[in-house]
Each structure stands twice: as structure tokens, then as C-alpha cells.
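Inspection log for the structure reproduced underneath, given as C-alpha cells.
Chain letters run A, B, ... following the sequence lines, proteins first and then strands; every chain starts at 1. Being a predicted model, the structure only gives us computed values, none of them experimental.
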Amino acid sequence: MANEKTIANASESGTDKLLLIDGNSIINRAFYAMPPLTNSSGMHTNAVFGFTTMLLKVLEEEKPSHLLVAFDAGKTVFRHEGYAEYKGGRQKTPPELSEQFPLLKELLRAFSVPQFELPGYEADDIIGTLTRRAEEQGQTAVVVSGDKDMLQLASDQVTVLLTRKGVSETERYAPEEIAEKYGLTPAQIVDLKGLMGDSSDNIPGIPGVGEKTALKLLAEYGTVEEVLAHGGEIKGKLGENVRGHEDSARMSKELATIFREVPLEQQWTDLAWRGYDASALAAALRKLEFKSLIERLDLSGSVAGDDAETGAAAPVYEAVLVRGADEWAALADALPAAEALLVEANGDNPHQTEGIGLAVVSGEQVFVVPYARLGEPDAGPLRAWLADADAEKRGYDLHRSELVLARSGVELRGQTFCVQLAAYLLDPTEADPSLTGLLSRYGLSGVQPDEAVYGKGAKFRVPDEEALAAHLAAKADAVRRLAGPLAEALEDAGMRRLYYELEQPLAVILAGMEKQGIVVEASALEELGKEFQGRIEQTTAEIYRLAGFEFNIGSTKQLGDVLFEKLALPVVKKTKTGYSTDAEVLEKLEPYHEIVRLILHYRQLTKLQSTYIEGLLKEIRPEDGKIHTFYRQTIAATGRLSSQFPNLQNIPIRMEEGRQIRKAFVPSEPGWRILAADYSQIELRVLAHISGDEGLKEAFRQEMDVHTKTAMDVFGVSADQVDGNMRRQAKAVNFGIVYGISDYGLSQNLHITRKEAAAFIEQYFNAFPGVRRYMDDIVDQAKRDGYVKTLLERRRYLPDIRSSNFNLRSFAERTAMNTPIQGTAADVIKLAMVRMDEALRERGLKSRMLLQVHDELVFEVPPEELDTMRELVPDVMSKALQLDVPLLAEVSAGVNWYEAK
DNA sequence: ATCCTCACG
DNA sequence: ACGTACGTGAGGATA
């Protein structure tokens, strides 16, 4: 390709000039200097953009014949050896920046710019070494950096360009300029640092010595050593500080000194730069979507082919579609080195979905098995590998994979890392759980959205095997690429144990519970449904009679017309689209018209009928008479589970009519019992623990009724003076406290004025000062850190906590108060589930854990284990996590879930 | 698809 | 002055 092009080339004029760029320093400057910028696939690109504009500018101005971008490498820079805190004060690199390093390196390759890094050395050491060698050989060099330390390299032959303000503006420093600006020689720059330190690198210097003082001292004494030698002459506090921090000053100078003897094999002469390949650069810039740069470099004609159009990176793996004996054999050979697994299925409900295909990544190959072939005899080794608990599986949504495989009789064991679960822990509020979404969050690409491959909704089609293989291979490779960075991020966030000891084992336990399922007697539901149906018809007729005509009671629009226009009842509340008719509104309207009570009753009955009778009946599987829910571990922002298809965490209990539904939930074997155990007041106990409030802790230690205790303290009365109404109000206050109290919310709940609610809250905080302190502290903490965490280090980020929008900020503040409470309670019961699973196994019990309902665990138990389980379950639950207050779990058993109360 | 309503902790 | 209690999932109506 005769496409070589240079901006300029100094060697044509006979002078060699070496340009050395401090990659880390410049990309950092660029990141903070440029506004946020992303391309259409969500990659952050602002730092790369800034870097590139800087690069183009200096190439144009300096016209170098030789060129290098040096990067820091590895974590243990040799300077650490003497001083562990070196650079310790540095902020962690934000992911939005770190994800740009690979992009920059790729772009530099397209520029044909030599780049390197050397483990154990920083970029400035490499640059220092190369400038020294250039000097020795009588050549000139230009160094570009944002770091003032680099000025120590300036000489007759070496010029330093420091970025100023932005990134493409630089300031030129030869020794004269340094003398002019600081009155120092380049060599004295390290003395300057030695005295004044550098907070960004955690170099201490001498306390109380800033730039001014340091320059004054150096003007007088010349070097750190001389300053220290004359420490006795320096008067006052300054002299004291100098004399007291001699070691610190010497060490700081040493840390600031660039090491110029790096064992580099490359000579600067190896770094000749002859320009870039226009088509490669155009493709790279297009991928980054730097249209202005493409234009500026006049590259718009240089885009070759479709590949450049889409900017697709060349895959570094080979997709192998498994169709026959040869591929099966190759797959079997590759299994011991498998790095990632992907199981693709076609629907949301893993208990109903059919597998589409399966992919295994091993080295440079990704084997893709169309799902139907999993039953072939040749699949034996693959099935054995899947079932081998010692063969580690890294995957995406392994919980779902296990269920999908189980449906076709394939066992999955040995799950060690799930990128979806890991990503959830790192940011549980991130909405897009797709692999593509995950990739873009981590600055990676190369996978098409599922929708683009399969279509969505009714148009869902599995493409031909080759296209399928390409897609599944890309996804499986994406899992491999994500696993390392995610695992590292978990470590960095202190969530290693949360992941490996709690969430990952729990995923397997949940899959077990779901596969087990719970028997629901269709006949019982149908009986109950008939009864509801009769009452619905009766109520409907009565409503029509009172209205004077028939209408759709279930339509809020029609109902609104009837209530607020025909019957002219007062409008209490409006929604975005019309009149509000929710239960709260209807309760207020009850005194005005008889019809209102009937509507409430109608609502209650139709809810039970459609959601619980008809809804559950549809979910009973004819093969086993059971309902198999699907617990989702990566949905709730607080760390709770959620339950789908159907939701078994919202089966009625508060109203007797609805509670009857629970009679249909029965054991799967004759004579067995349903046993349910629930934590008593777990959230308030957690609050007592994390707030450390003495009064609240004492109440739980005495096993007092916490609402009565609250009433006593808030109303200032003795236990026997607390009446039902006071206790009810105190209970509402306790709920409010857990939810993140606001006077408005409490006033709504108790139907009192905001002022009265505020007075209650004030009374509460006076009675429980530790709780007030917790609420204040947690909000401060959230403002400072940007997130809150639970006892087990689960995190939730609250970006709105610093919002200037009152609503957003208030919401975030309440969330900051609530999440550690609700989330720690979630931690506790999850831990109890892991321990319970172990306990059942260790003791060889036949009892099975079936359901979790946030603070409750439901089991089915054979009669001979009933006594054991009545003790074991509450025991394990109460010991799941040691708090400053007891954790009490109450247990009950019966022939169905209703009776286990 | 989105809104409203309501079941649970 | 602002105007919501925290966290979910599902069904039916409507646009």
C-alpha cells in the first residue's frame, strides 16, 4: 500500500530530533481537560480525543524524526521499594479513564507511533533514559508531559514541553526558561520537590514549606543537602521544621529524581517515525467517531471497505461451529483449558425457555454447539465437563444457564464466576443487564445486541448456524474479556467475600430451590376462585344498580367519570392522565356514597381472582403440579432478591380473604409439613446495630415490643399507658425511620398535619439520639463517597445526593438512610440461606428449602424431621450474622403455607 | 409501551 | 418553595 503519509519529517533536513511523550501524564491531563465524550456504542473517548489533538499539534510543530509514547507499567514501581506510600494519596483511576487506555494504544498503533512500557518503571524513567542516551550521542530531544518533575531533564539538547491548562497548549522549557521562571537549574527541580513535596504523588517534603519558601531556601543554599547542612541557621518555625524532617526531605528528593539508567534494549535510533498509514488511521479514527479529526487530516477518502465503516475490531479468536466428530473431538481436547461458557436461550422465563446454543472459549478457539446437538452421543465429554464441579465455569447469568440446561437434563456444576452477578454487585442500579450493555460499560465492544441478531418480540428468529456461531462466539469471548477486569474491580471495592462466599454460592442454592418448586393445589385455587367469582358478580350487579347503568369498573377512566361527574364526588387527587381512584382516595370518599365501599370490595376481589387465582393456575406445571418461580439476584438496588414467573414474594396475607390463597401451597410428599420461619423486626434490629443507639439496642436485648417501646419514648408514658392508637402511630414512625423519614410522608400515612408529623419525628430523635446521628452521618457519608454500603460491603451509588434539584436530592437522602438497613437485612437472610443449605447437607436432612420472602424462609419437612427443623432453622437464622442485638427468628409449621403462621 | 392500581416485605 | 414515604412484580386498560 503506497499510502504512507507524513505530516512532516525532520530527518529530510538532516537533523535528528527525538520526541518523547509521557503517555500516562498526557492522557490524564486530557481526560480531565476535555468534556465528557462518548461514541455511539457508549465508549468514553474524551481523553483519547484530547491526546490526539495534542499529538497532532506537536507533530506539526516539532517535526520529529523519531518518536515514542511511554507508559507506566505494572503496579510495583521500583520507587515503592523505599517508600510504601509513594503515590498512595492518588485517587483511583476512574473507569471512564482506564477504559480509554486500550483505545489510545490502538490508535497509536494506527499512527505507527512506537510505544512501550517496562514493568517496574514509570514513563518518566524511560524518557529520562532515552534523553540521556540522545544527549550522549549529540542529538536533540523534546519531552512532552504534564508533570513539572520532567523539567529536571532539560538541557542544551533537551527541551521540555509542559501542558498548560488544556492539553494541546504547551509551554516550552529550556534551561533558560527554567532559570527565568524559578531561578533554578534543571538539576535543582528535584531539590524543589524535596523541600516542598508533592501531594499528588504523596511525596511529603518538609511540612510548612511550599513553593515560595522552597525557592527562597534554594536561592540561598542551592540544594537540599546544603539546606539541611545549614538547618541550624534557619530561624523560627521554619528552621524547626527543616531540622525535624531531614530524612523526609532527602527521601522526597530521591523520590522526585527520575531514574535515567533503565535497562532498555531499544536505542532511540529504533524509534524512527516515518508517518502513518492513512487507511489504518482513518479506520481507527472512524471507530472512535472522531469525525473532525478525519476531516482535519483529510482522510475521508481513505476509508477502505465495510470493515472500516463499522469499525469492527478483528476478533482474536476463531469460532468453531461444532457439527461433526472432528469438532467434537477438538472441543473435548479444549475443555480442560476452557475459560468461559455461554448458554443462550430464547425467552425470559428459564423454566419455559428452550436452549439455542452453547459456547465454550478455550484459547484462540470458541466452540459453538447448536443446542439440539447437546443430546448427541458425541456431546458426552462436554456434558461431563459441565457436570464436573471441579471444572471451573465462568459465564454470563450462570443461574439462568443452570436452569436452562437442567430442563434438557444437563447438569451444570462448578460455577465460579458470573460476569452479570459481578457487574450487579459493582453497581446494582445499572439498568442494562445485557452482555452488550456490560461491555460498553467497561469500554469494550465487539458484540452485537441480541435484538440485532434475533429480532425482538414476535419477530424473534434464530439465524442460520454460521451467524449464530459468530454471535455466540462473540458473546462467549466477551465473557472471557470481562471476567478479569470485573474480578479485579470486586477486589478493589472490597467485595471479594461478598461475591465468592455469599452471592455466587447463593446463585446455585436459588437454582436448586427453583428446580425443586412448590406444589400448589389447583383444585384448592379453583374452589376459592368460584367463591370469588360469585362475590364479584354480586358486587358488580350492585355497583351497576347504584350507578344506574353498566360500565367497566376496571377502567379508571370510566370509573372516574362515574364517581366524579355522574355522582359528583369531590376530587381528592389527580393523576397525570385524569382522576385518581386508588384505594387511598376511595377510602376518603367512602362517607359520600355507598358505591365506594363496593368498588373497594370489587377491586380486592378482582385482584385476587386475576393475579392470584388465574395467574397462579397458569403457572402450575402439569408434569409435577408445582410452581417454579425464578429468583432474580441482580435486580433490586438494595441487594434483595426479586421473584418472577410468578412472583411468590407477594402472595396475600394481610387480608383474610386473600390469605386463603396460601392454603393451596402444600408439601410435595404425603405427611410432610410446610415450615416457615421469619425474622422478627429485622430491619429495626439492623438499625439498632448500625446506629448503635443505646435505647433501641436495650429494647431488643430485653425483647420488648419495639413499637410499644417507641410509643413510650415518643409520648413520654409508661408501658401500661400505651394504648392501641399510640402504638399504631409509633409503628408508623418506625416504618418512616426505616424508609428515610420525612415529615410529609409520615403525615400522609397517619393522616395528620406535616407539623404534627415533624413533632413526632423530633420526639423520636430526642428519644433515640443514636438514630438521629446515624441518619445525619449516613447522608454526609453518601455525599462524601457517592455511595452507601451495607454491613457486608454491598454498595449502592447515589449520584443524585449532590443534586441541586430538591426532589432528586431528597430522594437520594432517603435512599441513603434506607439502603444500608434494607440491604443489611438482605445480607443477613442470604447468609442464613447459605448456612441453612450447608446445615441440611451436613446433617443429611431430607427437608428442602423452597421459598424466600425477604425476611422469611419456607421449607417442606418430613414428619420425622419436624422437631429438628423447628430448632435448627431459627437457630441458623439467628446466628447468620453477629450483631449488637439478638436476631430473633420465629418458626411455625402446618399442613400448608396458610397454617404455617 | 405506558399508566394505574395493588399484592408483598 | 420544593411535594415522596423504601424495595419489588403483575394484571388490565388505554394509547
| said: Taking only the P atom of each, what is the distance from dC6(B) to dA5(C) in whole angstrom? | reply: 14 Å
| If you measure from the P atom in dT4(C) to the same atom in dT5(B), how many Å do you get, rounded? | 15 Å
| said: If you apply the rule salt bridge (Lys or Arg N to Asp or Glu O under 4.0 Å), what do you find for Lys618(A) with Glu614(A), and how did you get there? | reply: CA-CA 6 Å; Lys618(A) 275 185 232 160; Glu614(A) 293 163 9; 5.7 Å; no
| task | Of all the heavy-atom pairs spanning Val771(A) and Asp693(A), show the shortest one and how long it is. | result | N-OD2, 3.5 Å
Which donor-acceptor pairs under 3.5 Å do side chains of residues 759-769 of chain A form with protein atoms, sequence neighbours excluded?
{"from": "Glu762(A)", "atom 1": "OE2", "to": "Arg772(A)", "atom 2": "NH2", "distance (Å)": "3.2"}
{"from": "Asn766(A)", "atom 1": "OD1", "to": "Arg772(A)", "atom 2": "NH2", "distance (Å)": "2.9"}
{"from": "Asn766(A)", "atom 1": "ND2", "to": "Glu762(A)", "atom 2": "O", "distance (Å)": "3.3"}

| message | Tell me whether the side-chain N/O atoms of Arg654(A) come closer than 4.0 Å to OP1 or OP2 in dC8(B). | response | yes
| task | Let me know, please, whether Arg754(A) or Val738(A) comes out on the 5' side of the other along DNA chain C by nearest nucleotide. | result | Arg754(A)
| Residue-level proximity of residues 813-828 of chain A to DNA chain B when a heavy atom falls under 4.0 Å | Gln822(A)
| More than 12 non-hydrogen atoms from neighbouring residues, nucleotides or ligands closer than 6.0 Å to CZ on Phe460(A), yes or no? | yes
| remark: Sorted by number, residues from residues 757-783 of chain A placing a heavy atom under 4.0 Å from DNA chain C are none
| field | Heavy-atom neighbours of Met704(A) CE exceed 12 at 6.0 Å | value | yes
| field | Ion pair check, Asp875(A) and Lys879(A), cut-off under 4.0 Å | value | yes
| task | Under 4.0 Å between any heavy atoms, over every strand shown, what does Asn805(A) touch: base, sugar-phosphate, or nothing? Just pick one. | result | nothing
| query | CG of Asn734(A) versus P of dG9(B): gap in Å, rounded? | reply | 17 Å
In residues 632-640 of chain A, what donor-acceptor pairs under 3.5 Å come from side-chain atoms, sequence neighbours left out?
{"from": "Gln633(A)", "atom 1": "NE2", "to": "Glu503(A)", "atom 2": "O", "distance (Å)": "2.8"}
{"from": "Gln633(A)", "atom 1": "NE2", "to": "Glu503(A)", "atom 2": "OE1", "distance (Å)": "2.8"}
{"from": "Thr638(A)", "atom 1": "OG1", "to": "Gln822(A)", "atom 2": "OE1", "distance (Å)": "2.8"}
{"from": "Arg640(A)", "atom 1": "NE", "to": "Gln822(A)", "atom 2": "OE1", "distance (Å)": "3.4"}

| Can you name the residues that form a salt bridge (Lys or Arg N to Asp or Glu O under 4.0 Å) with Glu526(A), not counting sequence neighbours? | none
| Dot-bracket encoding of pairs in DNA chain C, which uses [ ] for pseudoknotted crossings and | for another strand, Watson-Crick or G-U under 3.5 angstrom | .....|||||||||.
| task | Could you pull out all residues at least two apart from Phe630(A) that satisfy ring-ring contact (aromatic ring centres under 6.0 Å, His included)? | result | His399(A)
| task | Take the protein atom CG of Leu600(A) and the nucleotide atom P of dT5(B), then report the distance between them rounded to whole Å. | result | 12 Å
| task | Using atom CZ of Arg603(A) as one end and atom C1' of dA7(B) as the other, report the distance to the nearest whole Å. | result | 14 Å
| Can you find a heavy atom in the side chain of Val562(A) that is under 4.5 Å from one in the side chain of Leu567(A)? | yes
| message | Just the rounded figure in Å: distance from P of dC6(B) to CD1 of Ile661(A). | response | 17 Å
| request: Quick one: label Phe811(A) by what it contacts on the DNA or RNA (base, sugar-phosphate, nothing), any heavy atom closer than 4.0 Å. | output: sugar-phosphate
| request: Give one of base, sugar-phosphate or nothing for Ser742(A), where a contact means two heavy atoms less than 4.0 Å apart. | output: base
| request: Applying salt bridge (Lys or Arg N to Asp or Glu O under 4.0 Å), name anything that partners Lys731(A), two or more places apart in sequence or on another chain. | output: none
| field | Qualifying residue for side-chain contact (heavy atoms from CB on, under 4.5 Å) with Ile599(A), from Thr581(A), Leu563(A), Leu546(A), Thr539(A) | value | Leu563(A)
| Proximity to DNA chain C (any heavy atom under 4.0 Å), residues of residues 634-650 of chain A only | Ile635(A), Ala636(A), Ala637(A), Thr638(A), Arg640(A), Ser642(A), Ser643(A), Gln644(A), Phe645(A), Pro646(A), Asn647(A)
| message | Testing the basics here: between Lys830(A) and Leu506(A), what is the closest heavy-atom pair and its distance to 0.1 Å? | response | CG-CD2, 3.5 Å
| task | Answer yes or no: is there an ion pair linking Arg685(A) with Glu703(A), defined by an N-O contact shorter than 4.0 Å? | result | yes
| said: Under the criterion side chain to side chain donor-acceptor pair (under 3.5 Å), I'd like the reasoning laid out for Glu565(A) against Tyr579(A): C-alpha separation, chi angles, the key distance, then a yes or no. | reply: CA-CA 10 Å; Glu565(A) 298 189 5; Tyr579(A) 304 112; 2.7 Å; yes
| Using a cut-off of 4.0 Å on non-hydrogen atoms, how would the nucleic acid contact of Gly554(A) be classed: base, sugar-phosphate, or nothing? | sugar-phosphate
| task | Taking heavy atoms of chain A and a 4.0 Å limit, find me the 5'-most and 3'-most nucleotide of DNA chain C within that range. | result | dC2(C) to dA15(C)
| said: If you take any heavy atom closer than 4.0 Å to DNA chain C, which residues from residues 559-596 of chain A end up in contact? | reply: none
| Heavy-atom closest pair, residues Trp897(A) and Ala676(A) | NE1-CB, 4.4 Å
| request: Could you tell me whether Glu521(A) and Lys663(A) have a side-chain N and a carboxylate O separated by less than 4.0 Å? | output: no
| query | By side-chain hydrogen bond (donor to acceptor under 3.5 Å, both in side chains), which residues pair with Tyr797(A), not counting sequence neighbours? | reply | Arg795(A)
| request: Specify the separation, in whole Å, of atom CZ of Arg659(A) and atom C1' of dC8(B). | output: 13 Å
| task | State plainly whether the residues Glu590(A) and Arg597(A) are in salt-bridge range, i.e. N to O under 4.0 Å. | result | no
